[in-house]
Amino acid sequence: MDIIDLIKQEHQKLTNLLAEMCNADVQKRYTLFNELSQAIELLTEVKQHFYPLLRQRCTDIIEQITIAEDQYDRLKFLIAELELLSPATKEFEQKVYDLQKLVRLYIQEEDKVLGEASKRLTDAQRQQLSYDGKR
C-alpha cells in the first residue's frame with residue numbers, strides 16, 4: 001500500500017472510531033480511545049516521513065500542506081486533553097464530539113493535499129514513499 005492510501009485508510013479509521021466512541025458505553029470508550037491514540041501515533045509517524053518529501057516535490061502547495069499540518073496539530077492537542085480525562089465524564093464526551101468535528105475539518109484539508117500529491121506523484125514515487133512502519 002502506498003503512503004497516500006495508508007493515510008486515507010487511517011482517516012477512515014479515525015472517523016469510524018470517533019463515531020463508535022460517541023455511542024459507546026464508558027468501558028468501551030476506554031478501548032476505543034486506546035485504538036484512536038494508536039491510529040494518531042501511526043499517522044504522526046507517516047506524516048513525519050511523507051510531508052518533508054512532499055514539501056520538496058510539490059513546492060507550490062506548501063500553504064495547503066501547512067494548513068493540514070496545523071489542523072493535525074490541533075487534533076493532537078485535543079487528544080492530549082482527552083488523555084487527562086476519564087471517559088466516564090461529560091467533559092470527555094463533549095471533547096469527543098469536538099474532536100469528531102475537528103477530524104472532519106482536518107480530513108477535508110488533508111484530502112486537498114493528498115489530491116494534489118496524487119496528481120503530481122507517479123505511482124513509482126508513491127510506492128517509493130510507502131511507509132515501512134505500517135501495521
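Numbering starts at 1 and runs along the sequence shown.
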Can L121 and D2 be said to form a side chain to side chain contact (heavy atoms under 4.5 Å, CB included), step by step? CA-CA 11 Å; L121 300 175; D2 75 36; over 6 Å; no
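- With values rounded to the nearest 0.5 angstrom, Q64 atom CD is found 5.5 Å from E116 atom CD.
- Taking the side chain as every heavy atom from C-beta outward, R120 and I61 approach each other to under 4.5 Å.
- Here L6 contributes atom CG and L43 contributes atom CG; the two are 7.5 Å apart, rounded to the nearest 0.5 Å.
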What pairs of donor and acceptor atoms, side-chain ones from residues 83-91 against any protein atom, are under 3.5 angstrom apart with sequence neighbours left out?
residue	atom	partner	partner atom	Å
S86	OG	A88	N	3.1
T89	OG1	S86	O	2.8
T89	OG1	F92	N	3.1

Give the C-alpha distance, both sets of side-chain angles, the deciding distance and a yes or no for side chain to side chain contact (heavy atoms under 4.5 Å, CB included) between Q108 and Q71. CA-CA 10 Å; Q108 286 175 353; Q71 290 290 342; over 6 Å; no
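- Taking CD of E41 as the reference point, atom OG1 of T44 lies at 7.5 Å (rounded to 0.5 Å).
- Ion pair R29/E93 flagged as a salt bridge, since at least one NZ, NE, NH1 or NH2 atom sits closer than 4.0 Å to an Asp/Glu carboxylate oxygen.
- Rounding to the nearest 0.5 Å gives a distance of 10.0 Å between CG of L78 and CD1 of I40.
- K8 and L114 get closest at one heavy-atom pair: CG-CD1, 3.9 Å.
- Here the rule is side-chain hydrogen bond (donor to acceptor under 3.5 Å, both in side chains) with D98, and of Q94, Q100, K101 only Q94 fits it.
- Residues that satisfy the side-chain contact (heavy atoms from CB on, under 4.5 Å) test with N23, not counting sequence neighbours, are absent from this structure.
- Side chains of E109 and L105 form no contact here, defined as non-hydrogen atoms less than 4.5 Å apart.
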Show your working on side chain to side chain contact (heavy atoms under 4.5 Å, CB included) between L17 and F33 and close with a plain yes or no. CA-CA 8 Å; L17 286 169; F33 185 72; over 6 Å; no
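- Aromatic ring orientation, Y106 versus H11: perpendicular (interplanar angle above 60°, classes split at 30° and 60°).
- Within a 6.0 Å radius of CG in D123, other residues, nucleotides and ligands contribute 12 heavy atoms or fewer.
- Looking only at side-chain heavy atoms (C-beta outward), Y51 and V113 come within less than 4.5 Å of each other.
- One hydrophobic cluster, built from ILVMFWY side chains closer than 4.5 Å, cannot hold both V103 and I67; they sit in different ones.
- The shortest distance between side-chain heavy atoms of R55 and E69 falls below 4.5 Å.
- Here the CG atom belonging to L14 is positioned 8.0 Å from the CG atom belonging to L99, to the nearest 0.5 angstrom.
- Taking CD1 of I107 as the reference point, atom OG1 of T15 lies at 3.5 Å (rounded to 0.5 Å).
- Using a 4.0 Å cut-off between charged nitrogen and carboxylate oxygen, K47 and E10 do not count as a salt-bridge pair.
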